[in-house]
Number of protein chains: 2
Amino acid sequence: MTDSKTPDAARPSGPAHKHGRDGKSSATIYDIAKLAGVNASTVSRALSKPGRVSPKTQKLIEDAAAELNYQVNPFARALPTGKTNTFGLIVADITNPTFFDIIRGAETTATERDYTLVLAESAESPSTELTAARRLMATVDGLILASPRMDDDNIRALARDKPVVVINREVEGVPCVVPDVHKGLSEAVRNLAANGHRKVAYVAGPPESWMSERRWEGVQAASEWSRLEAVRLESAKPTVDGGRQAARDVRASGATAVLTYNDLLAIGLMQELQAAGIAVPDQMSIVGFDDIFGADFTTPPLTTVRSPLGECGSGAAIRLLDLLLGKGEPAGTLSVETELVLRGSSGRILAAL
Amino acid sequence: MTDSKTPDAARPSGPAHKHGRDGKSSATIYDIAKLAGVNASTVSRALSKPGRVSPKTQKLIEDAAAELNYQVNPFARALPTGKTNTFGLIVADITNPTFFDIIRGAETTATERDYTLVLAESAESPSTELTAARRLMATVDGLILASPRMDDDNIRALARDKPVVVINREVEGVPCVVPDVHKGLSEAVRNLAANGHRKVAYVAGPPESWMSERRWEGVQAASEWSRLEAVRLESAKPTVDGGRQAARDVRASGATAVLTYNDLLAIGLMQELQAAGIAVPDQMSIVGFDDIFGADFTTPPLTTVRSPLGECGSGAAIRLLDLLLGKGEPAGTLSVETELVLRGSSGRILAAL
DNA sequence: CCGCTTTTGTCAACCGGTTGCCATAAATTG
DNA sequence: CAATTTATGGCAACCGGTTGACAAAAGCGG
């Protein structure tokens, strides 16, 4: 009974090196185990569950890991655990600036917490969105849906599978992060009223947009409070072009101030009105929504109700990550504040239309 | 006795279901194998290498897979193969609109080819960038670096590990996708010359920006050709604010036309000049670079040299994917054309400064 | 009808970690 | 100092696919 280690060579199981001592292909826990003279499972424990191994083997293993420049193989880890340290974000349109800040907020939070962000776009199509969501579901721990176009039932179905957080929409039974239009909108309407406006128009977004309805309700409520008349106009698309097309109806409406579903509409509307010789804000006040990148590039710069989009992105990510860690509410809405950003496109009426 | 399930428990090998007949946790190839009455490896082959199994077992297996609603487990596949069907994209700044179209182009191409895009940002920091790159390297098949800030050697080191494609910069030995400034820039300068300008200024970007130097060289070359005088000015940051700060130097330079490193600088510059009562383009012509989102929101809308950013993104993705498939050149630069977008911010000088 | 090549399916060993269970060493207690 | 806990490391069975080697089955010419 000389030594214990002898039958070593017979090792019937246990992975072997890929190319012997290849510098590139990263080291495994088996390499560390050999170098540190312990079992691979001990290495695994030392590296993942703190306190499970004694301080001195811990040190031994950490040194060996450092020396071999070890990095865990995420796939090997994901296979038995199902955890990937990754979450998905699906946006309706990558080129829509509304989503830029959401993406950034989510990405920043992800990186801070050692998660990786996987991005997908639905191209504004409910079915593409669902396909993308299902595809992502296989590889991520959770999902964030920003302004989703699919219907509530599909969202809930996804949420049954893995944690899902929704931005810019409320879905019963699913955690949501939604800007509360109230504060910003009432500031805006109050400001318009103070500037002598008596009738305001709201240019709505797409009919399937949950948020567009909330904003219209907000406009109505705030107008009532300020004793203004509010009329609702429709738009073809929530884009700059859609805003241009809406100019006709706006002029015909008799309103002296317009609130739009989003900033793109406001910008297009302003361009078209100015092209028609209508002064902004002297003859018409314009207030947008969101405060997207570029909202202050216009002349005059756009007055808008800011949605804290970055906060929505990071807030959703934080909620999702909390959910993954088992803390945090599995449903309910997180409200974030909106605020009026007063720039040059709104003010007192100085000349009649 | 009586009970059926009893001997089942002894099954020594072969993965078992997570929760028995759980509808959620997806089926494995073992389930398919059992249902189709073949071996799991046959299932694996039927599903991955076409032609390896006979048509009739193929059909059998496909039907079983469809019935069980099978989806491969990407991690289980990645573990032995190392292939993840995923690639990473690192951008310097997610909120910089220059990258929006790049991201979109890459994402679109990725989705088309059944790849998944993983996004990371370097926050303009070389070290963060390198960290992000290394982290991503573990989980992706390849990497796209858009306007990387790290130095050439680090990029080459990454490229030795896995395929890397660089956008907006040339790195010897690494495949690159770079807009060729020549065409658009010479159009721009010729147009300025035709409008009677004799002296142009170039407001440069960050010193470490490879592209800023190329653009300056292009301005010089085109100016020489058109017999214009060209002066170079520096900027603090390549942002709207940086553009505002550069206004002083621009006015002092004696130039009647300015080309800027990017559109953000141009927009800031224009804002500041206009605020100082200088008419654009009557007293000063301004030409930007890139044609970002919002470049046409300004009054007057910005004349700019458009870089086909979306094309860069998709071009880089295509090159990367080709590389992963073993086709395509392992190095060399792909040039994409730039073009002048003539809008309102440039024209003939009508009044002296 | 037989031997030989070509298909086609099975076996089993991986890929690189994780984790329940157990044996042993160490620490605590009576 | 013996008895009992408790802390620590090892063993081995997974997670769900992939793949080389091989044997059985099928096709084929002579």
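Throughout, protein chains are lettered first and strands after them, A, B, ... in sequence-line order, and every chain is numbered starting at 1.
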Just to be sure I understand the rule, does [X] reach a base, reach only the sugar-phosphate, or reach nothing, if contact means heavy atoms closer than 4.0 Å?
X: T42(B); value: base
X: S44(A); value: base
X: K56(A); value: nothing

With a 3.5 Å cut-off and just heavy-atom distances, do the side chain of R45(B) and the base of dG20(D) make a donor-acceptor pair? yes
Specify the residue among G51(B) and A76(B) whose closest nucleotide of DNA chain C lies further upstream toward the 5′ end. G51(B)
With nearest nucleotides of DNA chain C determined for L79(B) and S54(B) from heavy-atom distances, which residue corresponds to the more 5′ nucleotide? S54(B)
Would D141(B) and K162(B) satisfy salt bridge (charged side-chain N to carboxylate O under 4.0 Å, His left out), going step by step from the backbone distance to the final call? CA-CA 7 Å; D141(B) 292 343; K162(B) 286 182 178 172; 5.6 Å; no
If we check side chain to side chain donor-acceptor pair (under 3.5 Å) with T333(B), which of these qualifies: E170(B), R169(B), E172(B)? E170(B)
Closest to the [X] side chain: [options]?
X: S41(B); options: dT8(D), dG10(D), dT10(C); value: dT10(C)
X: T81(B); options: dT18(D), dG9(C), dT18(C); value: dT18(D)
X: P80(B); options: dT10(C), dT18(D), dG9(D); value: dT18(D)
X: N39(B); options: dG17(D), dT10(C), dT19(C); value: dT10(C)

Provide, to the nearest angstrom, the distance between the [atom1] atom belonging to [X] and the [atom2] atom belonging to [N].
X: K34(A); N: dG9(D); atom1: NZ; atom2: C1'; result: 19 Å
X: N73(B); N: dG16(D); atom1: CG; atom2: P; result: 7 Å
X: L47(B); N: dG9(C); atom1: CG; atom2: C1'; result: 15 Å
X: I32(A); N: dT18(C); atom1: CD1; atom2: P; result: 11 Å
X: I61(B); N: dG17(D); atom1: CD1; atom2: P; result: 13 Å
X: R52(B); N: dC22(D); atom1: CZ; atom2: C1'; result: 11 Å
X: I29(A); N: dA12(D); atom1: CD1; atom2: P; result: 16 Å
X: Q71(A); N: dC15(C); atom1: CD; atom2: P; result: 19 Å

Donor-acceptor pair, T42(B) side chain versus V38(B) backbone, under 3.5 Å? no
Of all heavy-atom pairs linking Y70(B) and L47(B), the shortest is CE2-CD2, 3.6 Å
What is the minimum heavy-atom distance between A92(B) and S147(B), and which atoms define it? CB-O, 4.2 Å
side-chain contact (heavy atoms from CB on, under 4.5 Å) for V72(A) and I29(A)? Distances and angles first, verdict last. CA-CA 8 Å; V72(A) 297; I29(A) 55 169; over 6 Å; no
Ignoring backbone atoms, test whether [X] places a side-chain nitrogen or oxygen under 4.0 Å from the OP1 or OP2 oxygen of [N].
X: R77(A); N: dT18(C); result: yes
X: K83(B); N: dT18(D); result: no
X: Y30(B); N: dT18(D); result: no

